[in-house]
Structures are given as structure tokens and as C-alpha cells.
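In listed order, ligands and their atoms are each counted from 1. Not measured: the values here are computed from a predicted model. Positions are given from 1 along the sequence.
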Amino acid sequence: MSRPTTRTSDASTSRTTDDALVRALARALGGDDARVRTTDAAMEKYAVDWQNKYRGRPLCVTLPRTTEEVRAIVRLCAEYRTPIVPQGGNTGLVGGATPTEAREVVVCMERMNGILSVDEDAGCATCEAGVVLEDLESAVRSRGMTVPLDLGAKGKCQMGGCVSTNAGGLRLLRYGSLRGSVLGLEVVLANGEVLDLMRTLRKDNTGYDLKQLFIGAEGTLGLVTKVAISTPRAPLSVHVALFGLESFAKCVEMLKLARENLGEVLSAYEFFDRESLELVLAQLKGTRDPLPGKPRAFYVVVETSGSVAKHDSAKLKSFLSIVRRRGIVVDGVVGRDEKHAFALWTLRERISVALKYAGAVYKYDVSLPTARMYNLVTTLRERFEPKFGSSVKVLGYGHLGDGNLHLNISCAEYDDAIERAIEPFVYEYVRDERGSISAEHGLGLMKAEEIHYSKDAKAVALMATMKQTLDPLGIMNPRKVLPVAAVRAAASTPMSRL
Ligand code: FAD
Ligand code: 2HG
Ligand code: ZN
């Protein structure tokens with residue numbers, strides 16, 4: 001087989017090269033047409049993101065079944081200098097898993113969905129990267145354990161995608177980030193070699209912790225093919241309460257009291273504003289106002305998880321009386337049973353689904369100092385009101401216990417005038433607060449060029465050098481995470497000049 005040195009701009013040569021690569025990929029995957037897809041119809045669901053905001057035109061979509069097949073795909077793409085877009089459940093919110101217009105090869109991991117082991121004694125599980133989060137949860141639940149990650153997309157997102165995003169979710173407050181829970185990884189590097197970091201040890205101080213490089217790398221440094229994750233005991237008793245509050249300051253005050261009084265059983269502390277609730281009630285069938293007839297400006301979901309129901313409910317009761325006595329909450333409701341608790345959680349967990357049904361949405365996922373977090377929402381409302389009136393809705397919700405605000409701007413359709421009113425204003429605001437422009441969703445395509453708002457030039461240059469070392473041909477998910485210019489500069493800058 002001839003070895004092209006670069007992708008040529010000559011259309012016919014380029015097409016011939018593309019055809020040769022597709023044929024080679026088909027051979028590598030056993031000539032199975034269903035696993036090397038080339039028609040627009042067969043590629044559609046892989047070409048567009050969950051929000052319908054990003055769309056690309058991939059050269060083909062590949063669906064490997066084994067690490068060996070992933071290696072073969074990566075080697076061929078390296079040989080043909082053709083970019084790879086790793087894809088999991090395609091639920092990412094920053095366009096990281098979406099191909100661009102650059103005729104890339106999508107490598108979707110959905111067929112690598114085997115659960116390899118569940119170890120009750122060690123409290124860990126190992127699986128292939130394409131296992132859906134909810135499937136892993138069911139497997140470990142039947143053995144009395146839980147996956148230390150839970151999010152609204154659990155029925156679709158995959159373990160490899162979650163690890164590659166370093167997804168946070170609804171119980172980070174309890175279990176911490178995936179950087180602590182992930183015990184091992186297997187990764188196919190950009191040269192097609194396998195990096196075997198699959199250990200299930202809790203403690204291992206032998207040199208640099210290389211798996212951390214791939215956690216949150218959004219597929220720009222290699223393809224995650226296997227994951228080992230700690231699986232703590234599932235809580236035996238779970239209680240959920242939803243409160244109505246009149247100001248954001250009260251939500252913050254109540255968080256402090258929840259930490260003090262619920263202590264070790266506190267497992268989630270999530271907030272949403274009235275605008276978010278109204279949208280959910282309008283868009284999602286079967287949802288009900290939890291505190292009918294008493295609209296409140298803010299709502300907080302508090303969850304406790306423990307092992308002795310009597311002890312946990314006594315703690316929750318005492319917490320309720322403290323926050324009532326101090327006049328922090330106006331009213332609240334405690335989940336009567338599992339079904340009712342689920343209904344209360346739905347109001348928070350499915351806000352992003354309601355937003356999707358409502359039309360176009362601009363999403364910002366930021367870390368800010370907790371007490372001042374909501375000021376960004378009110379500031380933006382003031383900015384929008386005179387120009388756009390009620391045609392643009394500004395919503396605030398998120399993981400208050402983690403200092404993570406989800407700012408969402410909902411409108412009928414995407415509009416450059418609206419975007420100009422938001423950006424770079426939001427990024428500058430977050431920079432001035434020394435926050436992060438990506439708390440948990442990553443940078444993807446959306447924010448690759450904006451990384452400088454949260455990281456200084458030296459840090460970005462060092463990241464680009466690491467990218468250059470691991471992916472010298474630049475084939476792993478190009479244009480995602482890092483600015484194009486930084487990656488180019490790294491190719492010609494010696495480390496000593498950083
Ligand atoms: P994808 O979207 O397919 O990919 C995400 C990124 O990882 C891309 O850059 C992709 O190239 C890369 N990637 C995927 N698989 C691999 C692999 N095997 N190897 C290397 N790179 C890979 N996020 C949160 O943090 N917290 C939340 O609470 C949360 N809730 C959500 C709720 C909903 C309804 C939705 C739609 C999304 C939510 N998200 C949340 C976004 C979140 O990023 C994803 O749900 C999840 O982490 C992505 O997993 P995925 O398998 O869908 O990955
Ligand atoms: C959540 O916490 C997710 O619900 C999605 O991270 C947030 O859609 C969003 O902005
Ligand atoms: Zn979130």
C-alpha cells in the first residue's frame with residue numbers, strides 16, 4: 001500500500017486516498033459494512049451532537065469491537081494522516097465528539113460494551129469503554145455497589161466518554177471527581193500502541209500518574225478502550241427533600257447548614273431557579289409544581305445517603321427544623337417514597353432536556369465563587385432585557401455544592417446578535433472572578449479557542465507540548481480542547497523555551 005505523506009488539496013487525489021483508507025478500514029473490521037459506515041443516512045446520528053448544534057461531514061464512521069480493531073483503525077488513520085474523532089454516547093455538550101467538515105474518521109465505541117469484572121471485595125469494576133453508565137450501574141447494584149457518577153445522560157453516555165470528559169454530575173459532592181474514582185485505563189495511543197494502565201489498586205505511587213492525562217483529555221491524546229473504576233457500597237437509605245427559597249443568598253446559607261448538620265450523609269445539593277422550573281413544567285409531560293400555588297425564586301434539592309434509615313431521617317428532620325426556625329426556607333417537601341423522590345429529582349435532572357425541547361440554547365458551564373455565582377445570571381438578564389425582551393430567557397441552575405453554575409440562554413433559534421451579547425462577556429466575567437469557563441463539560445470545539453480565559457499562556461503551551469509528544473501527527477480529535485495556533489507553535493518550540 002502506498003503511503004501518502006500529507007492530505008492533498010487536490011480533490012480527485014484526495015478522494016482516491018479517502019476511498020483507499022475506507023477500503024483498508026473495512027478490511028481491518030472484517031469487511032462488515034455495518035461497522036464501517038459511509039452513507040449519509042447511516043452516519044447521521046454520529047454526525048450531529050445531542051443538542052443539534054454541531055454538525056460535521058465525516059469520511060466514515062467505524063464501530064470497532066476490540067482493542068485490536070481500535071489499534072488497526074488508529075494505525076491506518078496515522079498512515080493516511082486522517083483525523084480521528086473518538087465518540088462515546090454522543091451526549092457531550094461542547095461539540096467534542098462531533099466531526100467537523102475535515103473528512104474525519106469517527107471511532108464510535110458503542111460495540112465495545114462488555115463488563116469485564118465486578119469485584120465486591122475490592123469494591124471495583126472493570127469494563128470496556130463503550131459500556132453505558134446505567135448498564136454498569138445495574139451490574140454493580142445487583143452486588144450491592146454503585147458507580148460513583150450519576151448524571152442525566154446516564155442511559156446513553158458511556159464510561160469512556162465520561163472519563164474522557166471527566167464528567168462531574170449530581171453526586172460529585174459525595175464521591176469526588178472521576179480523577180479519584182478511576183483506578184485504571186487502557187488507552188490506544190495515536191501511534192496505535194496500547195498503553196496498559198489497567199490496575200485496580202487504590203494506592204500506587206510508582207512515578208507519574210499517567211492515567212490522569214487521559215481523564216478529561218476529550219479524546220485529544222488517545223482512545224480510551226478500557227476503564228477500571230472504584231464502586232463503593234450503594235447507600236441503604238436515601239432521602240430526598242426539595243425546598244423553596246426566596247433568594248440565592250439563602251440557598252448558600254442553607255448549604256453551609258447542610259454541611260454542618262447532615263455531614264457524612266449529605267450526598268447532593270442542587271439548585272434551580274423559578275425560570276428553570278417553569279420551563280420544565282411547560283416542556284415535560286407529567287411534571288408538577290412541587291410547591292403548588294407558592295412560586296418561589298429558587299429551589300434546592302437536598303439528598304442524604306446513608307446506611308441506617310432511622311438515623312438519616314432523624315438528621316434530615318432536625319436539619320429541616322433548623323432551616324425553618326431560622327427562616328431560611330419558606331416551604332419544602334420530603335420525598336414520601338421512591339417514586340415521589342424520583343419525581344422531585346426529575347425537576348432538576350431534566351432541565352437540559354426541557355431546554356432542548358424549547359428551541360435553541362446557549363450553554364455555559366462555569367465555576368464561580370459560590371456566594372456570587374448567581375450574579376452572572378442576573379447581570380445577563382439585565383443585559384438582555386432592553387434589547388430582546390422576553391424572547392430570550394436566562395436560566396440558572398446547577399451543582400451548588402460544587403460551585404458549578406449552569407447558565408443557559410434559551411431562545412427560539414440561534415442568532416448571532418444574541419451570541420454577541422453573551423460572548424465574550426461571559427468569559428471575561430468568569431476570568432475576572434478567577435473562575436473556570438468549563439467546570440465539567442470540557443472545552444470541545446465550542447471553547448478550544450477560549451481556554452486562555454481560564455489558563456495562562458504557559459499552561460496552554462505546556463498542554464500543547466504534551467499533545468505534540470503524544471500525537472505528533474495531530475490526528476487525535478484536532479481543533480478540540482486546544483487552540484489551533486498553540487498546537488502549531490508546540491510543533492516548533494523546544495521545551496526549554498516554554
Ligand atoms: P461523548 O459525548 O461521545 O464524548 C465526549 C468527549 O469524549 C468527546 O470529546 C469525545 O471525543 C471523547 N470521547 C468519547 N469516548 C472516548 C473514548 N473512548 N476515548 C477517548 N475519547 C473519548 N456532564 C457532566 O459533567 N455532568 C452532568 O451532570 C451532565 N449531565 C448531562 C445531562 C444530559 C441530559 C446530557 C445530554 C449531557 C450531560 N452531561 C453532563 C454532558 C456529559 O459530558 C456527558 O453526558 C458525558 O460525560 C459524555 O459521555 P459520552 O459517552 O456521551 O461522550
Ligand atoms: C446538568 O447538570 C448537566 O444538568 C447539563 O451538566 C447542564 O445542560 C446543561 O447546561
Ligand atoms: Zn452539570
For ligand 1, which atoms sit closer than 4.0 Å to a heavy atom of [X]?
X: Asn477; result: 9 (O), 11 (O)
X: Ser352; result: 34 (C)
X: Gly222; result: 20 (C)
X: Ala97; result: 1 (P), 2 (O), 3 (O), 4 (O), 8 (C), 9 (O), 10 (C), 11 (O)
X: Gly219; result: 20 (C), 21 (N)

Atoms in ligand 2 with a heavy atom of His399 nearer than 4.0 Å: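 Those atoms are 2 (O).
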
Could you list the atoms of ligand 2 found under 4.0 angstrom from a heavy atom of Lys363?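 By the 4.0 Å cutoff, the relevant atoms are 8 (O), 9 (C), 10 (O).
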
Could you say whether the N/O atoms of [X] and ligand 1 ever approach to under 3.5 Å?
X: Ala153; value: no
X: Gly89; value: yes
X: Glu218; value: yes
X: Asn166; value: no
X: Val224; value: yes

Within less than 4.0 angstrom of ligand 2, does His441 place any heavy atom? yes

Less than 4.0 Å is my threshold; does some heavy atom of Leu170 fall inside it relative to ligand 1?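 No, Leu170 has no heavy atoms under 4.0 Å from ligand 1.
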
Would you please classify the geometry between the Phe298 ring and the Phe271 ring as parallel, tilted or perpendicular, with 30° and 60° separating the classes?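 Rings of Phe271 and Phe298: tilted, 30 to 60°.
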
Heavy-atom donor-acceptor pair, Asn166 side chain to Ser177 backbone, under 3.5 Å: no

Protein N/O/S atoms under 2.8 Å of the Zn ion (ligand 3)?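 Within the sphere that stays under 2.8 Å of the Zn ion (ligand 3), the protein atoms of type N, O or S are His399 NE2, His406 NE2, Glu440 OE2.
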
